[in-house]
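Only one structure is covered here, and it is reproduced in the block below.
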Amino acid sequence: GMRFLWQPMSGMKYPIDAEVERVQDWMADKSLRPLFLHCKHGRERTGLMFALYRVFENNWGAQKAYREMKDFGFRWPAYRLKDYLEDQTGMNL
């Protein structure tokens with residue numbers, strides 16, 4: 001009964017805006033709920049997508065959203081995803 005939506009995205013390169021925007025649009029679309037979002041490990045790309053959603057849809061601060069990313073296993077080798085979060089939020093994390 002799940003609908004499968006697929007958006008390839010690198011976990012080690014700086015994200016492409018159109019790819020991120022597509023996933024964010026899915027996350028904001030209430031008709032797609034409940035929504036299960038996952039990447040290979042469920043840490044880096046998934047963490048970034050939720051952090052962006054938290055900041056721009058739930059009005060969280062970037063620091064709080066980044067802390068949640070780390071709490072759920074975000075790892076430093078994916079630092080380009082952290083860079084993207086910083087660029088999108090204007091925060092130095």
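Numbers here simply count residues along the sequence, with the first being 1.
Qualifying salt bridge (Lys or Arg N to Asp or Glu O under 4.0 Å) partners for Glu57, counting only residues two or more places apart in sequence or in other chains: none. Take Arg67 and apply the salt bridge (Lys or Arg N to Asp or Glu O under 4.0 Å) test, not counting sequence neighbours, and it matches no residue.
Sorted by first and then second residue, the pairs that involve residues 68-81 and meet side-chain hydrogen bond (donor to acceptor under 3.5 Å, both in side chains), not counting sequence neighbours, are Glu44-Arg75, Arg54-Glu68, Arg80-Asp83. Each side-chain hydrogen bond (donor to acceptor under 3.5 Å, both in side chains) pair with one or both residues in residues 1-17, not counting sequence neighbours, appears once here: Gln7-Arg22, Tyr14-Asp87, Asp17-Tyr84. Within the structure, no pair that satisfies the ring-ring contact (aromatic ring centres under 6.0 Å, His included) test touches residues 16-35, not counting sequence neighbours.
Remark: the backbone N or O of Ser31 is paired with a side-chain donor or acceptor of Asp29 at under 3.5 angstrom. Using a distance-only test at 3.5 Å, with no hydrogens or angles considered, a donor-acceptor pair links the side chain of Glu86 to the main chain of Leu93.
Counting all heavy atoms, side chain and backbone alike, Val20 lies closest to Pro15 at CG2-CB, 3.6 Å. Taking all atoms of both residues into account, the shortest heavy-atom contact from Ala78 to Gly11 is CB-O, 3.3 Å. Residues Met69 and Gly47 come closest through the heavy atom pair CG-O, 3.2 Å. For the pair Val55 and Ala65, the tightest heavy-atom approach, listed with the atom from each and the gap, is CG2-CB, 3.8 Å.
Rounding to the nearest 0.5 Å gives a distance of 14.0 Å between CD of Gln88 and CE of Met91. Distance check, rounded to the nearest 0.5 Å: OH of Tyr53 to CG of Leu48 gives 15.0 Å. For the atom pair Met49 CE and Leu35 CG, the distance stands at 12.5 Å (nearest 0.5 Å).
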Practice task
In sequence, state the C-alpha distance, the side-chain angles, and the governing distance for Leu5 and Leu32, and then conclude on side chain to side chain contact (heavy atoms under 4.5 Å, CB included).
Solution key: CA-CA 10 Å; Leu5 303 170; Leu32 295 177; 3.8 Å; yes

Problem - Worked check of side chain to side chain contact (heavy atoms under 4.5 Å, CB included) between Tyr66 and Thr89 - result: CA-CA 11 Å; Tyr66 181 59; Thr89 62; over 6 Å; no

Practice task
Please assess Phe56 against Gln24 for the test side chain to side chain contact (heavy atoms under 4.5 Å, CB included), listing each intermediate value before the final yes or no.
Solution key: CA-CA 10 Å; Phe56 295 112; Gln24 291 299 303; 5.8 Å; no

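The cationic group of Lys82 does not satisfy the cation-pi geometry with Phe74, failing either the under 6.0 Å distance to the six-membered ring centre or the 45° limit from the ring axis.
Side-chain contact between Met9 and Cys39 is absent, with no heavy-atom pair separated by less than 4.5 Å.
Hydrophobic cluster membership of Met2, counting Ile, Leu, Val, Met, Phe, Trp and Tyr whose side-chain heavy atoms lie under 4.5 Å apart directly or via other members: Phe36.
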